[in-house]
Amino acid sequence: AKQVQIINNAKVPDSTPWFPRTLTDLDPITKKASKIGEGLASDSPGANDAAYCARRAEITKNADTYKTGRPIPFVNYSRVEIETWAVIYNKLTKIVSKFLKSRTGFTLRPIKGIVPSRYFLNGLAFRVFHATQYIRHHTKPLYSNEPDICHELLGHAPLFADPDFADLSQEIGLASLGASYRDMKRLTAIYWFTVEFGLCRQGDQIRAYGGGLLSSFGELEYCLSDKPEIRPFEPAKVAQQKFPFSEYQPVYFVTESFKDAKMRVREFTKSLSRPFSVRYNANTESIEILDSK
Ligand code: NLE
Ligand code: FE2
């Protein structure tokens, strides 16, 4: 077997091309980067646009003076730059919805803000997720008490690609159709402690999966610390749990798996007062009412 030999720094042959040995050795690399109009970049569509070149020079000054360990410099992007971003971004979010549709049948649909939970949950019955597009205020990036684009895309969207999670969400949605006021409160709590603030066991670890946690770095750290109370996910109990809207949750519930949560929620919904049951017909994209439970 070959042995790895540790060669003393001094022993590297003279003919060896320069290479970085420490992180700070990366600093001089910035000098090696080409400016717009040089080398390959000369056929960039902006190469003959003087204003664009000047703007590039302004932003790239940050890179020229950057030193290892410093924070990434802040760039105040202009309206035109933000609009350029928007073109890409809008295409991307369209694909997000298409991708989800191909995985689990879930689609995203724009909504201007928080809707009463009855309507929001009703959407889930159709595998429709209402998502906002505006972004949180820049002064409070790590926690927002309302949904925004970061919350929807970082927090919720990825999980709707998971079949069991998609089923769990739709299960809550179906139960909310025509639910009584009291049952609505119960279902809202179930939704809250799964889709928004759920924890799940994975091996011997507890992981966060709720969208409200994944999009809030502040609460994500907190929920896995020893500060909050953590209880097993039992829908009948979860349904009674009160919760705050605008601060970190004092209590979280941990499920064994999405499948397990789905089965438990399905079982729980049988105890609700609605005198009929429903199912979603994906072919006709409509709800069918069944007269017995
Ligand atoms: N607290 C979450 C966040 O900062 O992204 C939003 C929760 C919306 C229910
Ligand atoms: Fe949410």
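Indexing begins at 1, ligand by ligand and atom by atom, following the structure's order.
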Q: Under a single-linkage definition using a 4.5 Å side-chain heavy-atom cutoff for Ile, Leu, Val, Met, Phe, Trp and Tyr, are Ile114 and Leu187 assigned to the same hydrophobic cluster?
A: no
Q: Would you say the side chain of Gln241 lies within less than 4.5 Å of the side chain of Trp192, judging by non-hydrogen atoms?
A: no
Q: Provide, to 0.1 Å, the distance between atom 9 (C) of ligand 1 and the closest protein heavy atom, together with that atom's residue and name.
A: Glu196 OE1, 3.9 Å
Q: Which residue in the set Phe233, Phe243, Phe268 passes side chain to side chain contact (heavy atoms under 4.5 Å, CB included) when paired with Val238?
A: Phe233
Q: Does any non-hydrogen side-chain atom of Pro250 lie less than 4.5 Å from one of Pro244?
A: yes
Q: For the Fe ion (ligand 2), find the closest N/O/S atom on His156 and give its atom name.
A: NE2
Q: Which of the atoms of ligand 1 are close to Gly212, meaning less than 4.0 Å from one of its heavy atoms?
A: 1 (N), 2 (C)
Q: Considering only non-hydrogen protein atoms, determine which one is nearest to atom 8 (C) of ligand 1 and report residue, atom name and distance to 0.1 Å.
A: His151 NE2, 3.7 Å
Q: Who passes side chain to side chain contact (heavy atoms under 4.5 Å, CB included) against Gln170, sequence neighbours left out?
A: Arg127, Leu174, Tyr280
Q: What N/O/S atom of Glu196 is the closest to the Fe ion (ligand 2)?
A: OE2
Q: Show me which atoms of ligand 1 lie under 4.0 Å from any heavy atom of Tyr143.
A: 1 (N), 4 (O)
Q: Looking at Glu152 and Thr132, would you say the former's side chain and the latter's main chain have a donor-acceptor pair under 3.5 Å?
A: yes
Q: Answer yes or no: is there a side-chain heavy-atom contact under 4.5 Å between Asp25 and Trp18?
A: yes
Q: Please check whether Ser215 reaches ligand 1 - meaning an N/O of the residue sits under 3.5 Å from an N/O of the ligand, judged on distance alone.
A: yes
Q: If you have a sec, work out which protein heavy atom is nearest atom 2 (C) of ligand 1 and how many Å separate them, to one decimal?
A: Ser144 O, 3.4 Å
Q: Before signing off on this row, confirm whether Asn145 and ligand 1 have an N or O atom pair separated by under 3.5 Å.
A: no
Q: Considering distance alone, does some N or O of Arg136 sit under 3.5 Å from an N or O of ligand 1?
A: yes
